[in-house]
Amino acid sequence: MHYLYYPGCSLKATGRPYEESLLAVMRELGVDVEELADWSCCGATTYMGVDENQAFALAARNLALAERNCSDGCANLMAPCNACYLVLNKAKHYVAEYPEVRERVTGALKSIDLNYRGDVAVRHPLDIITNDIGLEAVGKHVKRPLTGLKVACYYGCQIVRPYSTFDNQYNPTSMDELLRALGAEVVEWPLKTRCCGGALTGTVPNTGQRLSYFLLKEARRAGASLVATCCPLCQHNLECYQDEIEHDFAEHGQPAVAYFTQLMGLAMGLRPAELGLQRMLTPVQRVALQATGSES
Amino acid sequence: MNIPLSTKKDEVRIGVYVCHCGMNIAGKVHIDALRDFAKTLPGVTISRDFKFMCSDSGQELLADDIKKHGVNRVVVASCSPLLHEGTFRGALVKAGLNPFFYQMANIREHVAWVTNDRDLATEKAKALIAGAVRRAARALALEKKRVNVQKDILIVGGGIAGIHAALNLAESGKHVYLVEREPTIGGHMAQFDKTFPTLDCAACILTPKMSAVKNHPNITLWTYSEVEEVSGFSGNFKVRVRRNPRYIKEELCVGCNECIDACVFKKGKTLDEFNVGLSQRKPIYSPFPQATPALVVIDPNSCLELMKGKCKKSCVDACERAAIDFEQQARIENIDVGAIILSTGFKTFDPTRIPEYGYGKYNNVYTTLEVERLVNASGPTQGELVLRDGSRPKSAAVIHCVGSRDRRYNPHCSSVCCMASLKIAHLIKERTGADVFNFYIDMRTPLKGYEEFYDQVLSEGVQFIRGRPAEVTDWALTPSEEGKLVVRVEDTLLGTPRRIPVDMVVLAVGLEAQADAEAVQRVFNISCSRDGFFLERHPKLGPVSTFSDGIFLAGACQGPKDIPATVAQAGAAAAEALCMVDKGYVEIEPNTAWINADECSGCKTCIPLCPFRAISRDEQRKVAVINEALCKGCGTCVGACPSGAAQQNLFTNEQIYEEIEGVLSYV
């Protein structure tokens with residue numbers, strides 16, 4: 001299996017632990033991952049509001065690069081950030097479904113000698129790991145099962161809406177199944193796809209942090225000691241404002257927050273430094289190891 | 001083009017009539033051009049156009065030409081044969097001509113209604129008329145055959161539809177076989193507590209009809225039975241019914257229920273179907289107190305004796321009449337009937353398909369059918385409306401349109417849920433005094449007394465919130481929401497999202513076709529519409545008949561319906577079935593296939609292909625023979641015959657080739 005990897009801006013900055021753990025896990029699973037050369041910003045969700053045409057062209061540039069990179073059939077472009085995943089998918093859908101968008105986008109790409117055919121598949125690593133690689137194969141690599149760790153799986157709003165290509169739109173379960181395969185105990189909670197606050201934590205902090213607060217509170221109420229994420233912005237919001245949330249909402253004893261790929265790495269026996277655990281603001285390693293009884 | 005116009009006597013004189021159909025056809029094609037074109041075709045002696053050919057004056061026009069101008073073949077260019085072929089054939093008969101000298105050119109459905117280009121439409125209509133004229137020139141006289149019909153009638157499904165139809169027919173003196181799959185008749189109506197809008201007790205109005213069915217000398221009631229096979233044809237159906245063993249000798253059991261009390265299971269362990277899983281029943285049981293017939297039944301999937309052969313069989317000891325028979329086998333009954341009424345009902349939407357409503361996840365989310373049982377005196381709580389933890393709800397939400405009017409599940413409106421939701425809201429309010437919130441998209445209360453009932457429920461203080469809820473969650477935002485279910489909804493009248501915390505949520509589940517509707521459809525050789533319900537012959541003018549003659553529909557198997565509409569349709573189905581069998585005969589269309597014995601090699605290719613099992617082999621002459629009474633004229637054998645020995649009336653090779661050539665010669 002060969003995957004082109006589209007990091008997007010986050011995985012090279014605030015989301016570095018996500019990149020480090022994802023690549024380490026893929027290496028361990030023997031999956032061939034190659035970073036897309038010369039990738040550019042996806043436009044994120046904000047550019048759409050400024051100029052849709054330019055936003056689609058910018059996103060489609062990455063899709064066209066992926067296609068050029070892959071001469072044999074359909075390219076699989078792995079986009080770990082939920083926002084990138086959504087924007088690239090949205091560009092793909094709009095170019096396919098709306099002739100006027102297609103005309104403008106292909107015209108823009110032609111001016112830089114790129115040709116977009118429309119047969120690249122934009123894939124989230126959660127999809128690749130659960131559906132292409134499979135839980136059975138993952139299970140074979142588990143050396144230190146996460147037995148005893150109570151996890152709330154948090155999917156965020158963007159990977160199942162509006163394009164629910166690999167999981168249920170209202171009650172996604174792929175991460176739940178993956179973490180169970182790692183030995184963790186997955187708690188049932190109703191906020192799997194609720195908003196984390198998104199960019200509001202930066203622009204209207206009160207509103208944004210309130211949304212993060214509900215997620216942390218409900219995860220704890222459901223019995224989780226750790227929230228697993230699959231998006232750099234979700235991770236950032238749940239992880240970085242815990243002090244403010246404690247102060248503003250008197251919410252104490254908040255759960256640790258980690259990328260699902262970090263938990264995979266821990267279960268597979270990888271070294272914490274390989275998984276970027278030293279960069280985390282919540283005590284992921286301690287919580288995980290305490291629960292599993294690995295820490296003396 | 002060489003149509004033999006040999007002798008004066010055999011001369012083909014074709015009349016062509018172009019119908020305007022008001023503006024239906026005239027608005028889309030050049031009528032004058034068609035009329036003038038038809039005049040130029042060989043064999044055509046008269047060509048006219050008329051505003052409505054199907055009107056009396058249109059038919060007289062045609063008859064006049066036959067009588068006064070010697071027209072002996074008629075082509076009407078108008079609508080679909082389904083609508084008016086019969087009309088025009090009748091007009092020919094009245095004018096003394098064989099009805100099969102008539103040919104239709106469909107220039108409405110096939111031309112006017114499917115195009116916007118008037119010139120191209122006219123050209124296509126010309127091609128169709130040219131084909132019809134060439135075919136009419138080759139028309140042959142044919143006779144319809146009459147076959148006597150059986151007088152007995154089969155009704156499948158013993159809900160209120162089947163019960164009402166059975167009683168109507170039995171009263172008229174016909175013998176009725178009523179076949180029901182469950183151990184009792186009564187259907188969904190028997191599970192209801194009250195019926196809208198009058199709030200009659202459902203059992204009080206239903207059970208007298210149930211016992212009337214049981215006691216009527218003209219009704220043979222077979223419960224716990226299923227129709228396995230139907231063969232034959234309209235007026236002469238042969239039906240095989242499988243009567244499943246209830247392990248009780250029906251002639252001995254008096255329904256005293258002593259055996260149920262004596263069962264080695266002191267408590268029920270199997271989910272009670274009648275109480276939609278809200279309680280448990282024993283392996284030997286009677287579905288409900290007024291079950292009809294009042295016979296117990298033993299469930300082979302939970303009875304120890306039937307599963308493992310190991311039980312002390314205390315039920316047998318308890319039965320003074322020795323009615324229990326563990327050796328009982330399924331019995332097959334073969335019956336001959338003239339007409340069949342299907343009243344197989346509906347199933348309710350499975351709300352676990354909408355995970356965001358939390359059915360099956362949260363204990364206090366119920367369906368409307370479950371609440372019917374909860375408030376019913378013979379239900380699992382003896383009519384006391386309490387939640388699964390025994391507490392009484394102080395607030396409740398009723399969500400309309402669950403699984404209906406939703407492109408993800410069923411686009412159709414289930415028609416009964418608005419009124420059912422109002423009734424449930426009323427009952428919850430009446431029994432518990434709880435605050436009740438109804439979440440609706442549109443209120444649909446169009447029939448007699450319905451809007452008044454809505455008014456009444458409004459005045460009782462039930463709150464109505466317009467909006468389809470996004471989810472039901474136990475996630476509390478505020479202390480007042482702790483321990484409650486929260487309905488999240490956009491209130492589209494206020495234009496704002498709302499959160500309504502309640503103790504109980506009721507999902508007004510929609511109506512769907514039965515899970516095995518497709519299998520039933522195959523047994524009876526009828527069709528289903530896109531929503532899965534059985535397809536009526538015509539949505540307006542043939543609402544109870546099907547495309548299979550002699551098979552009629554009643555109740556919710558044809559589409560969502562409430563009780564008044566179901567009963568009305570059941571009466572209509574009974575009347576149509578009665579009409580058919582009382583006439584005494586059916587006419588068989590002469591478009592049947594036949595075998596030219598001289599050309600048949602006896603290869604048997606056609607025999608297994610015939611969907612109606614109408615072909616057999618004459619072993620003496622070593623040729624295939626077609627039973628005219630069974631042949632439906634589908635033409636499969638004609639197409640398959642390697643030697644061209646199979647031929648079909650009304651569709652001879654010559655007629656078909658002439659029509660094709662007529663169309664192509666113009667194109």
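Since we're looking at a predicted model, the values are computed, not measured. Quick note on labels: first sequence line is chain A, next is B, and so on, each numbered from 1. These numbers come from the heavy atoms of this one structure, side chains and all, not from hydrogens, waters or symmetry mates.
- Scanning for salt bridge (charged side-chain N to carboxylate O under 4.0 Å, His left out) contacts around A:R220 gives A:E251, with sequence neighbours left out.
- A heavy-atom distance below 4.5 Å is found between the side chains of B:H412 and B:P560.
- A donor-acceptor pair shorter than 3.5 Å cannot be found between the side chains of A:T130 and A:S174.
- The interface of residues 354-363 of chain B with chain A, defined by heavy-atom distances below 4.5 Å, comprises B:P355, B:E356, B:K361, B:Y362.
- Residue A:Q169 does not touch chain B at all, counting heavy-atom pairs closer than 4.5 Å.
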Only distances under 3.5 Å count here; give the side-chain donor-acceptor pairs of residues 436-445 of chain B to other protein atoms, sequence neighbours excluded, each with its distance to 0.1 Å.
from, atom 1, to, atom 2, distance (Å)
B:N438, ND2, B:H400, NE2, 2.9
B:D442, OD2, B:R405, NH1, 3.1
B:D442, OD2, B:R405, NH2, 2.7
B:T445, OG1, B:E451, OE1, 2.4

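- A search for side-chain contact (heavy atoms from CB on, under 4.5 Å) contacts involving A:E103 returns nothing, not counting sequence neighbours.
- Between B:K394 and B:D503 no salt bridge is recorded (no basic side-chain N to carboxylate O distance below 4.0 Å).
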